[in-house]
Amino acid sequence: MCRNIKTLFNFEPPATEDEIQASALQFVRKLSGFNKPSQANAEAFDRAVAEVAASARRLMVSLHTHAPARDREIEAEKAKERSKLRFG
């Protein structure tokens, strides 16, 4: 799975446009196997990133939860701890 794609839902403050775009880019990179596509594939790659980002935006606004919003700093600290346990 794409380890670089971060969870964006239910955070305070909400996900930014840059975070949504970055996640879409990582997803398309993973699917295509391209970090940077060739000129022949650039248009299809860019279109896919735009479509994935648009879908992600629609998803974010349509999801609902009763759980309290998560704090980005606390979640980042938890991730550091998990990494420390995993990799030493």
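On a predicted model such as this, the values are computed, not experimentally measured, just so you know. FYI, the numbering just counts along the sequence from 1.
- In this structure, Ser62 has no side-chain hydrogen bond (donor to acceptor under 3.5 Å, both in side chains) partners at least two apart in sequence or on a different chain.
- In this structure Phe9 satisfies the side-chain contact (heavy atoms from CB on, under 4.5 Å) test together with Met60, Leu63, Thr65, sequence neighbours excluded.
- For Asn41, the side-chain hydrogen bond (donor to acceptor under 3.5 Å, both in side chains) partners at least two apart in sequence or on another chain are Ser38.
- Residues meeting the salt bridge (Lys or Arg N to Asp or Glu O under 4.0 Å) test with Glu77, sequence neighbours left out: none.
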Scan the side chains in residues 48-58 for donor-acceptor partners under 3.5 Å anywhere in the protein, sequence neighbours excluded, and list what turns up.
{"unit_1": "Ser55", "atom_1": "OG", "unit_2": "Glu51", "atom_2": "O", "d": "3.2"}
{"unit_1": "Ser55", "atom_1": "OG", "unit_2": "Arg58", "atom_2": "NH2", "d": "3.2"}
{"unit_1": "Arg57", "atom_1": "NE", "unit_2": "Glu17", "atom_2": "OE1", "d": "2.8"}
{"unit_1": "Arg57", "atom_1": "NE", "unit_2": "Glu17", "atom_2": "OE2", "d": "3.1"}
{"unit_1": "Arg57", "atom_1": "NH2", "unit_2": "Glu17", "atom_2": "OE2", "d": "2.8"}

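- No more than 12 heavy atoms of other residues, nucleotides or ligands shown are found within 6.0 angstrom of CD on Glu73.
- Looking at residues two or more places apart in sequence or on another chain, you find a side-chain hydrogen bond (donor to acceptor under 3.5 Å, both in side chains) between Asn35 and Arg29.
- Nearest heavy-atom pair, Ala42 versus Pro37, reported as atom, atom and distance to 0.1 Å: CA-CG, 3.9 Å.
- In plain terms, the two heavy atoms of Ala69 and Asn10 that are nearest each other are CA-OD1, 3.3 Å.
- One finds the CG atom of Asp46 at 9.0 Å from the CG atom of Leu25 (value rounded to the nearest 0.5 Å).
- Other members of a hydrophobic cluster containing Leu85 are absent, since no ILVMFWY side chain comes under 4.5 Å of it, directly or through relayed contacts.
- Taking both residues in full, the closest heavy atoms of Phe34 and Phe45 are given as O-CE1, 3.9 Å, listed atom of the first, atom of the second, then distance.
- For the side-chain contact (heavy atoms from CB on, under 4.5 Å) test, residues two or more places apart in sequence or in another chain that qualify with Ala79 are Arg82.
- For residues 33-42, no residue pair satisfies the salt bridge (charged side-chain N to carboxylate O under 4.0 Å, His left out) rule, not counting sequence neighbours.
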Do Glu75 and Arg72 pass the salt bridge (Lys or Arg N to Asp or Glu O under 4.0 Å) test, and can you show the C-alpha distance, the side-chain angles, and the key distance before you say yes or no? CA-CA 5 Å; Glu75 295 300 318; Arg72 292 178 190 280; over 6 Å; no
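- The closest donor-acceptor contact from the side chain of Asp71 to the backbone of Glu12 lies at 3.5 Å or more, if one exists at all.
- Residues that satisfy the side-chain hydrogen bond (donor to acceptor under 3.5 Å, both in side chains) test with Arg47, not counting sequence neighbours, are absent from this structure.
- For Thr7, the side-chain contact (heavy atoms from CB on, under 4.5 Å) test picks out Phe11, Arg70, with sequence neighbours left out.
- For Gln39, there are no side-chain contact (heavy atoms from CB on, under 4.5 Å) partners, not counting sequence neighbours.
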